[in-house]
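Quick notes on the structure that follows.
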2 protein chains.
Amino acid sequence: MIFRGRFEYTIDPKGRVNIPAPFRERLQETGQEAFVITNYSGCIYAYPADDWARIEEKLSAVSSVDRKLNTFLRFFVGGAVEVVPDKQGRILVPPSLREYAGLEKDLVITGMPNRFEIWSREKWMEEIGRFEKEGFEDPELEREIKSLRI
Amino acid sequence: MIFRGRFEYTIDPKGRVNIPAPFRERLQETGQEAFVITNYSGCIYAYPADDWARIEEKLSAVSSVDRKLNTFLRFFVGGAVEVVPDKQGRILVPPSLREYAGLEKDLVITGMPNRFEIWSREKWMEEIGRFEKEGFEDPELEREIKSLRI
DNA sequence: CCACCTTTCCCCACAATTACCCACCTGCGG
DNA sequence: CCGCAGGTGGGTAATTGTGGGGAAAGGTGG
C-alpha cells in the first residue's frame with residue numbers, strides 16, 4: 001500500500017499525533033483500523049497492521065543466538081507498537097519512540113511506498129538538506145537511483 | 001508468539017520486576033500463566049512456558065558427553081527458572097540472574113520475535129548504541145538486514 | 001529436632017499514565 | 001453566512017506501575 005503526500009502537524013503534551021486524513025481513509029479501504037509504528041533512521045516508521053504482520057513472519061525466522069541480527073531486532077521489534085487512531089484520528093506515540101525521534105512540537109509526516117514516516121521538523125530538514133546537498137554528488141547513489149529506471 | 005514494544009521499569013529491593021501488561025495479556029490469550037526466564041547475551045531471556053518446553057525438547061537431544069554443547073547447556077539451562085506474575089503483574093527475579101544481567105534499578109524490557117528480554121538500562125544503552133552508531137557502518141550487518149527483505 | 005534468620009508470597013494502597021469522551025477553533029465550499 | 005471536515009486541547013475514569021507490611025515457607029546452625 002502506497003502513501004502519498006507530506007503533512008505538517010504538532011504533537012501535543014500527551015504525546016498524541018494526528019494521522020493525515022487520506023492515510024486513515026487508505027487504511028479503512030482495506031478493512032483495517034490499526035497501524036504498527038516503530039523506530040528507524042531517526043524517525044518513526046508506520047505500517048498498516050497487516051503489512052507489519054508479514055514483516056514479523058520474516059523476522060521470526062532469525063535464530064535466538066544470531067548476535068548481529070538480534071541486535072537489529074532488539075531495536076526494530078522493540079520499538080514496535082500497535083496503535084489505533086482515536087475518534088479524532090490521532091495516535092498516542094509512546095515515550096520511548098517520542099524520545100528516539102526527538103518529537104517535541106512540530107512534525108512532518110511523509111508518505112512512502114509501503115508506509116509513512118513521522119519526523120520531527122528539525123530532523124526532517126536535516127534529512128532533506130542532506131539529500132539536496134550531497135545526494136547528487138554521490139556517484140554510487142546516483143547509479144542506484146538510475147537503476148530504478150524512472 | 002511475537003512480543004512487541006519497549007518498556008522502562010524499575011526493579012525494587014525485593015527483586016520484583018513488572019511485566020508489561022501487553023505481554024501478560026499475550027500469554028493469557030494462549031491459556032498460560034507462566035514464563036521461563038534464563039540468562040543470555042548479557043540480559044535475561046523470557047519465553048512463554050510452552051515455547052520453552054519445545055526448546056527443552058531440542059536440548060534433550062544433546063549427548064551427555066558432548067563437552068562443548070554441555071558447557072552451553074550448563075549456562076543456559078542452569079539459568080532457567082519458571083516464574084508466575086503476582087497479582088500486580090510482577091515476577092521475582094532470582095539473585096543469580098539479577099547479578100548476571102546487572103539489574104540494579106532502571107530496566108528496559110524489549111519485545112522480540114519469540115520472547116522478550118530484560119536488560120539493565122546501562123547495558124541496554126550499550127547494546128543499542130552499538131547498533132545505532134556502528135550498525136549502519138557495518139557492511140556485513142547491513143547486507144544481512146537487507147536480505148531480510150522487509 | 002528445634003529455633004532463628006532470610007527469602008518468598010500475597011495482600012493493600014497510592015501515584016502515574018492512558019483511554020475515552022466532548023468541546024472548540026479554523027478554513028473551505030455551498 | 002452557514003455547515004462541515006479536519007485539526008487541537010482538556011477533563012475524567014479506568015488501567016497500569018510502584019512501594020511496603022505481614023504471614024508463610026525454606027534454609028542454616030546449634
Side-chain angles (χ1 to χ4, degrees), chain A residues 3-29 33-37 44 46 49 79-99 103-111 116 118-121, chain B residues 3-29 33-37 44 46 80-100 103-111 116 118-121 124:
Chain A
F3 294 96
R4 270 193 299 262
R6 180 162 61 241
F7 303 82
E8 306 215 349
Y9 299 118
T10 55
I11 184 171
D12 72 16
K14 290 184 177 178
R16 294 179 296 190
V17 174
N18 192 49
I19 303 300
F23 293 180
R24 297 193 312 253
E25 286 165 18
R26 203 102 179 67
L27 191 73
Q28 286 169 350
E29 283 169 15
E33 57 165 10
F35 293 101
V36 173
I37 60 177
I44 295 176
V81 204
E82 182 168 318
V83 290
V84 178
D86 67 15
K87 223 170 164 184
Q88 283 68 33
R90 292 171 296 192
I91 60 169
L92 183 69
V93 178
S96 55
L97 292 185
R98 239 179 287 169
E99 193 186 350
L103 308 186
E104 291 179 5
K105 183 94 186 89
D106 294 319
L107 311 180
V108 175
I109 297 188
T110 185
F116 61 90
I118 305 172
W119 291 80
S120 83
R121 192 162 200 287
Chain B
F3 294 95
R4 273 192 296 255
R6 178 164 60 239
F7 304 83
E8 306 214 350
Y9 298 120
T10 54
I11 184 171
D12 72 15
K14 291 183 178 179
R16 295 179 297 189
V17 175
N18 191 50
I19 303 301
F23 294 180
R24 295 188 318 247
E25 285 168 19
R26 204 104 179 67
L27 192 73
Q28 287 168 351
E29 283 170 15
E33 58 165 9
F35 293 101
V36 173
I37 60 177
I44 295 175
V81 203
E82 181 167 317
V83 290
V84 178
D86 68 16
K87 214 172 165 187
Q88 281 67 34
R90 293 171 295 194
I91 60 170
L92 184 68
V93 178
S96 57
L97 293 185
R98 236 179 289 170
E99 193 186 352
Y100 169 79
L103 309 186
E104 291 179 5
K105 182 95 185 87
D106 295 318
L107 310 180
V108 175
I109 297 188
T110 185
F116 60 91
I118 305 172
W119 290 79
S120 81
R121 193 163 200 285
W124 170 261

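Chain letters run A, B, ... following the sequence lines, proteins first and then strands; every chain starts at 1.
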Over 12 non-hydrogen atoms of neighbours within 6.0 angstrom of [atom1] in [X]:
| X | atom1 | result |
| --- | --- | --- |
| A/Arg26 | CZ | yes |
| A/Glu104 | CD | no |
| A/Glu99 | CD | no |
| B/Glu8 | CD | yes |

*Identify the two heavy atoms, one from B/Tyr9 and one from B/Pro20, that lie closest to each other, and give their separation to 0.1 Å.*
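Nearest pair, atom of B/Tyr9 first, then B/Pro20: OH-CA, 3.3 Å.
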List, with names and distances, any nitrogen or oxygen atoms from the protein found under 3.5 Å away from nitrogen or oxygen atoms belonging to nucleotides 23-28 of chain D.
none

Please give, in whole Å, the distance from [N] [atom2] to [X] [atom1]?
| X | N | atom1 | atom2 | answer |
| --- | --- | --- | --- | --- |
| B/Arg90 | D/dG17 | CZ | P | 11 Å |
| A/Asn18 | D/dG10 | CG | C1' | 16 Å |
| B/Leu107 | D/dG17 | CG | C1' | 12 Å |
| A/Phe23 | D/dG6 | CZ | P | 14 Å |
| B/Ile118 | D/dG17 | CD1 | P | 13 Å |
| B/Glu25 | D/dT15 | CD | C1' | 10 Å |
| A/Asp12 | D/dG10 | CG | P | 9 Å |
| B/Tyr9 | D/dG19 | OH | P | 13 Å |

To the closest 0.5 Å, what do you measure between [atom1] ([X]) and [atom2] ([Y])?
| X | Y | atom1 | atom2 | result |
| --- | --- | --- | --- | --- |
| A/Ile44 | A/Leu107 | CD1 | CG | 8.5 Å |
| B/Phe116 | B/Thr110 | CZ | OG1 | 11.0 Å |
| B/Ile118 | B/Arg98 | CD1 | CZ | 11.5 Å |

*Aromatic ring proximity B/Phe23/B/Phe35, centre distance under 6.0 Å*: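 Distance test on ring centres: not under 6.0 Å, no.
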*Earliest and latest nucleotide of DNA chain C, 5' to 3', sitting under 4.0 Å from a non-hydrogen atom of chain B?*
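Both ends considered, the range comes out as C/dT8 to C/dC12.
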*Between B/Lys14 and B/Lys87, just flag the one whose closest nucleotide in DNA chain C comes earlier from the 5' side.*
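Its nearest nucleotide being more 5', the pick is B/Lys14.
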*asked:* Heavy atoms from C-beta onward define the side chain here; which of D/dG20, D/dG7, D/dT16 lies closest to that of B/Arg16?
replied: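 So the nucleotide nearest the side chain must be D/dG20.
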